[in-house]
Amino acid sequence: MKVGDRVRVVQSVIVYTHPEHRNKPLDVKGMEGEVIEIMKEWQGRPVSANLPFIVKFDKKFKAHFREGELELLN
């Protein structure tokens with residue numbers, strides 16, 4: 001996977017940060033978005049992030065994922 005790829009969430013992932021469901025659990029399984037960043041370094045130093053893939057779903061909502069939680073779309 002690389003920046004710019006379209007992906008779908010394939011595992012059940014509960015988030016509380018969706019703007020329309022603020023502070024309420026929302027399962028994002030099945031949602032599609034675009035990988036906008038892969039966290040490999042922070043402030044010039046390499047990091048091993050637990051949730052390295054940042055996916056943008058719409059203008060106001062993005063979330064962090066593991067590689068196994070996403071599938072690549074064609």
Side-chain angles (χ1 to χ4, degrees):
M1 239 177 285
K2 62 186 182 313
V3 172
D5 285 346
R6 295 280 306 161
V7 294
R8 178 183 301 126
V9 182
V10 293
Q11 292 185 358
S12 181
V13 178
I14 305 296
V15 298
Y16 292 84
T17 57
H18 193 280
E20 296 173 10
H21 302 92
R22 180 74 61 194
N23 297 324
K24 298 177 187 168
L26 174 68
D27 190 354
V28 294
K29 182 177 181 179
M31 290 182 71
E32 296 180 5
E34 177 183 346
V35 176
I36 60 169
E37 188 175 353
I38 302 171
M39 297 296 295
K40 293 184 181 178
E41 60 179 49
W42 184 70
Q43 293 184 347
R45 291 178 277 174
V47 295
S48 59
N50 293 332
L51 306 169
F53 293 90
I54 303 174
V55 178
K56 184 174 184 176
F57 295 99
D58 58 34
K59 286 190 259 185
K60 296 182 179 182
F61 179 56
K62 62 184 177 181
H64 296 244
F65 296 92
R66 293 177 181 92
E67 186 170 11
E69 296 170 335
L70 303 170
E71 79 173 342
L72 189 61
L73 299 175
N74 291 332

Would you please test Glu69 and Val10 for side-chain contact (heavy atoms from CB on, under 4.5 Å) and show each step?
CA-CA 6 Å; Glu69 296 170 335; Val10 293; 5.7 Å; no
Would you mind checking if Glu34 and Lys56 are paired as a salt bridge, meaning a charged N to carboxylate O distance below 4.0 Å?
no
Note, Leu26 side chain near Ile14 side chain (heavy atom, < 4.5 Å)
no
Between Ala63 and Phe57 the two heavy atoms that sit nearest each other are CB-CE1, 4.3 Å
Interatomic spacing from CE in Met1 to CD in Glu71 - rounded to 0.5 Å
9.0 Å
Same cluster (ILVMFWY, side-chain, under 4.5 Å), Val13 and Leu51
no
Measure from the side-chain N and O atoms of Asp27 to the backbone N and O of Ser12, and report whether any donor-acceptor pair falls under 3.5 Å.
no
Of Ile54, Val28, Val7, which is the lone residue that meets side chain to side chain contact (heavy atoms under 4.5 Å, CB included) with Phe65?
Val28
With a 4.5 Å limit on heavy-atom distance, are the side chains of Arg6 and Glu32 in contact?
yes
Report the distance from atom CG of Asp58 to atom NE2 of His18, rounding to the nearest 0.5 Å.
5.5 Å
To the nearest 0.5 Å, tell me how far Glu37 CD sits from Lys62 NZ.
7.5 Å
Less than 4.5 Å apart, side chain to side chain, heavy atoms only: is that true for His21 and Phe61?
no
State yes or no: do Leu73 and Ile38 share one hydrophobic cluster built from I, L, V, M, F, W and Y residues joined by side-chain heavy-atom distances below 4.5 Å, directly or via other members?
no
Would Gln11 and Lys29 satisfy side-chain contact (heavy atoms from CB on, under 4.5 Å), going step by step from the backbone distance to the final call?
CA-CA 6 Å; Gln11 292 185 358; Lys29 182 177 181 179; over 6 Å; no
As an exercise, state the distance from CD1 of Ile36 to CZ of Phe53, rounded to the nearest 0.5 Å.
13.0 Å
